[in-house]
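Remarks on the structure that follows.
The structure displayed is predicted, hence computed values, not measured ones. Residue numbers start from 1 in every chain, and the chains themselves are labelled A, B, ... in the order their sequence lines are given, proteins ahead of strands.
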2 protein chains.
Amino acid sequence: MLTTERRQFILEILHRNKKVLSSELSNELKVSEDTVRRDLRELAEAGLLQRVHGGALLTSPATASYADRQKQAPKEKEAIAKSAAKLVRPGQVVILDGGTTTLQVARHLPLDLVATVVTNSPPIALALAEHDRIEVIMLGGRLYKKALVNVGTTAIESLRSIRADICMLGVCSLHPEVGISVANLDEAHVKRAMIAGAAEVIGLATEAKLDTAANYVVAPIQTLTYLVTAPSVDLKRLAAYAALGLTIIQEI
Amino acid sequence: MLTTERRQFILEILHRNKKVLSSELSNELKVSEDTVRRDLRELAEAGLLQRVHGGALLTSPATASYADRQKQAPKEKEAIAKSAAKLVRPGQVVILDGGTTTLQVARHLPLDLVATVVTNSPPIALALAEHDRIEVIMLGGRLYKKALVNVGTTAIESLRSIRADICMLGVCSLHPEVGISVANLDEAHVKRAMIAGAAEVIGLATEAKLDTAANYVVAPIQTLTYLVTAPSVDLKRLAAYAALGLTIIQEI
DNA sequence: TAAAATAACGCATTTTCACGCAAAATTTAA
DNA sequence: TTAAATTTTGCGTGAAAATGCGTTATTTTA
C-alpha cells in the first residue's frame with residue numbers, strides 16, 4: 001500500500017468515525033505506530049485533521065481551530081503574557097493584536113490599571129470589559145473567524161488616526177531573514193498598520209514560532225523593539241535576533 | 001475515549017446545563033474524579049470555563065451587570081429569540097444590535113444559514129464565529145462595557161455605508177407616546193444609525209420593557225416594522241402598539 | 001466544632017510520543 | 001539497466017503525557 005493511499009485511508013476512517021487511534025490504525029494498516037504517527041503529523045500540518053494524544057480528531061471548522069490553539073503550550077504562553085503585561089505603564093495607549101498569547105496578556109493586565117487598549121479582537125475586548133479603568137477601542141471590520149480578529153480596510157483606516165505608545169504583536173512566524181510573517185494576507189495588512197501606529201513594537205513569540213516563516217511577510221525583524229519569549233527558551237536560539245538589535249525579554 | 005474528546009464532551013455538557021459536577025462527570029465518563037478535576041483545571045486555564053468548588057460553571061462572558069441581565073427572564077428571551085431568528089431569510093444582510101436578547105437570536109440562527117450580519121456587539125460576533133456561512137461585519141468604536149457594544153462616531157460612520165435588509169433592535173424601553181428609548185446617549189445614537197441603515201426594523205421586547213421610558217429617545221414607535229414579544233404577553237398590553245401600525249409577532 | 005465532601009499533592013504505572021539511526025523501498029540520474 | 005540519491009519505514013531509547021491511588025489540606029455543611 002502506497003504512503004499516499006494509506007493517508008487517504010486514514011482520512012476516510014476519520015470522517016466516518018470522527019476519530020482515529022494510532023494503535024488501531026497501526027493494527028489495521030499493518031504498519032508501525034511510528035509510521036501512523038508520522039502520517040498523522042503530516043496530515044495535521046496540512047490542516048486535514050487535529051492531532052491529539054492517542055490519535056487524531058476531525059478539525060472542527062472556524063472557531064475550533066482557535067480553541068485548539070488556545071490549548072497549545074498554555075504554560076509557555078502564560079509565562080510570556082505575564083512578562084509582557086508588566087511592560088504596560090499606567091496611562092499608556094496600547095495596541096493589542098489578536099491571538100491566543102495576546103489574549104493572555106489582556107487577562108494578566110492589573111485590574112486597576114488605567115490605560116487605553118486598541119484591539120481588533122473581540123475576545124480581547126470582552127476580557128478587558130472586566131477591567132473597569134481600561135478604555136477599550138475596538139477596531140471594526142470583517143471578522144476573520146480562524147483567528148477571531150477583525151480585518152479589512154475599516155480596521156486599517158481606524159488605525160491611521162491612532163498614535164499609540166506601544167503595540168503588542170502576537171507573531172505567527174519569526175525568522176531572522178524573512179522577518180515577521182503570517183498565514184493570511186488580511187492579517188498581514190492589519191498588523192502592518194498596527195506597527196505603523198505605535199512608537200514601540202513588542203513581539204510575543206513562543207519557541208515553536210522562532211526560525212519559521214509563513215506566506216505573507218509583515219515587516220522585517222528590526223521593526224520590533226522588544227521580543228518577549230518564555231524563560232525556558234535557550235539564549236542561543238535567540239542570538240540571531242539579539243544581533244539584529246532587538247531587546248530580548250524572558251522574564252521580569 | 002481520548003482525553004481531548006472527553007474535554008470536548010465536558011464543554012458540551014457545560015453549555016447545555018450551564019454547570020457540571022466533578023462527581024457526575026466522573027460517573028458518566030468512567031474516569032476518576034482526579035482526572036475530571038485535571039480536565040477542569042486545564043479548561044479553566046484556557047479560559048473555557050470557570051472552576052468552582054464541586055465542579056465548574058460557564059465563563060462569565062463579561063461584566064457582572066451583563067451576566068445579571070442574561071439571567072433575567074431567560075425563558076421569555078429565548079422564546080422571543082426563536083421567533084426572531086426565523087425572520088431572517090437566506091442571503092439577507094442583517095444589522096444585529098447588542099443586548100442579551102439579540103445574542104440569543106444570534107445563537108438561534110441556523111448553523112447553515114447563508115447571510116451577512118453587521119453588529120456592534122463582540123459577544124454576538126463571537127457567537128456567530130461558529131456559523132461557517134455567516135459573514136460577520138463588526139462595527140468598531142469605544143466599548144461601552146455595561147452593554148458590551150461598541151459606540152461612537154466610528155460605528156455610526158460605518159453604518160452610513162451599509163444598506164441592510166433588516167435590523168433587529170433589542171429595545172430597552174418602549175412606550176406608545178415616547179417611542180423607543182435607552183439609558184445611554186451613545187447607544188441611542190448608534191441605534192438610530194442602525195435604523196437608518198435598514199429597510200425593515202424589528203424590535204425585540206420582553207414584557208417588562210413595555211410601556212416604559214428611559215432618558216434618551218431613539219425613535220418613534222412607528223419606526224418599527226415588527227414587534228416581537230413572547231407568546232405569554234397579553235394582547236391587550238400590545239393593542240396600543242398594534243394601533244400605531246406595527247405588526248406584532250408572538251410566535252412563528 | 002465536627003463530620004463530610006471536595007481538592008490538591010506526590011508518586012508509580014502505563015501508554016503514547018519523539019528522535020536518531022540503519023535497513024528497505026522508491027525515485028532519479030548516469 | 002545500473003548506480004546513486006532520496007524517501008520511507010521500523011526499532012531502540014528516553015522523554016512526555018495521562019491516569020489512578022494514597023495522603024494531606026481545604027472547603028462546605030450540619
Short side-chain N/O contact from [X] to OP1 or OP2 of [N], under 4.0 Å:
X	N	result
A:T35	D:dG10	yes
A:R41	C:dC17	no
A:R51	C:dA18	yes
B:T3	D:dT19	yes
B:R37	C:dC9	no

Would [X] and [Y] count as having a side-chain donor-acceptor pair, cut-off 3.5 Å?
X	Y	value
B:T206	B:K77	no
A:Y241	A:D211	yes
B:S26	B:S23	no

**Request:** Run through A:V171, A:V228, A:V94 and flag the one making a side chain to side chain contact (heavy atoms under 4.5 Å, CB included) with A:I202.
**Result:** A:V228
**Request:** Answer with yes or no whether A:D34 presents, from its side chain, a donor or acceptor under 3.5 Å of a partner atom in the base of C:dC17.
**Result:** no
Using whole Å, report how far [atom1] of [X] lies from [atom2] of [N].
X	N	atom1	atom2	result
B:L25	D:dG20	CG	C1'	17 Å
B:I10	D:dA18	CD1	P	13 Å
B:E42	D:dA18	CD	C1'	11 Å
A:N27	C:dT16	CG	P	11 Å
A:L40	D:dT9	CG	P	13 Å
A:E33	D:dC11	CD	C1'	13 Å
B:L29	D:dA18	CG	C1'	15 Å
A:H53	C:dC17	NE2	C1'	7 Å

**Message:** Please classify the nucleic acid contact of A:V52 as base, sugar-phosphate, or nothing, using heavy-atom distances under 4.0 Å.
**Reply:** sugar-phosphate
**Prompt:** Contact class for B:S22 (heavy atom, under 4.0 Å): base, sugar-phosphate, or nothing?
**Reply:** sugar-phosphate
**Message:** Assuming nearest nucleotide by heavy-atom distance, tell me which of B:S23 and B:R38 is located more 5' along DNA chain C.
**Reply:** B:S23
**Prompt:** Would you find a donor on one side and an acceptor on the other, under 3.5 Å apart, between the side chain of A:T102 and the backbone of A:V105?
**Reply:** no
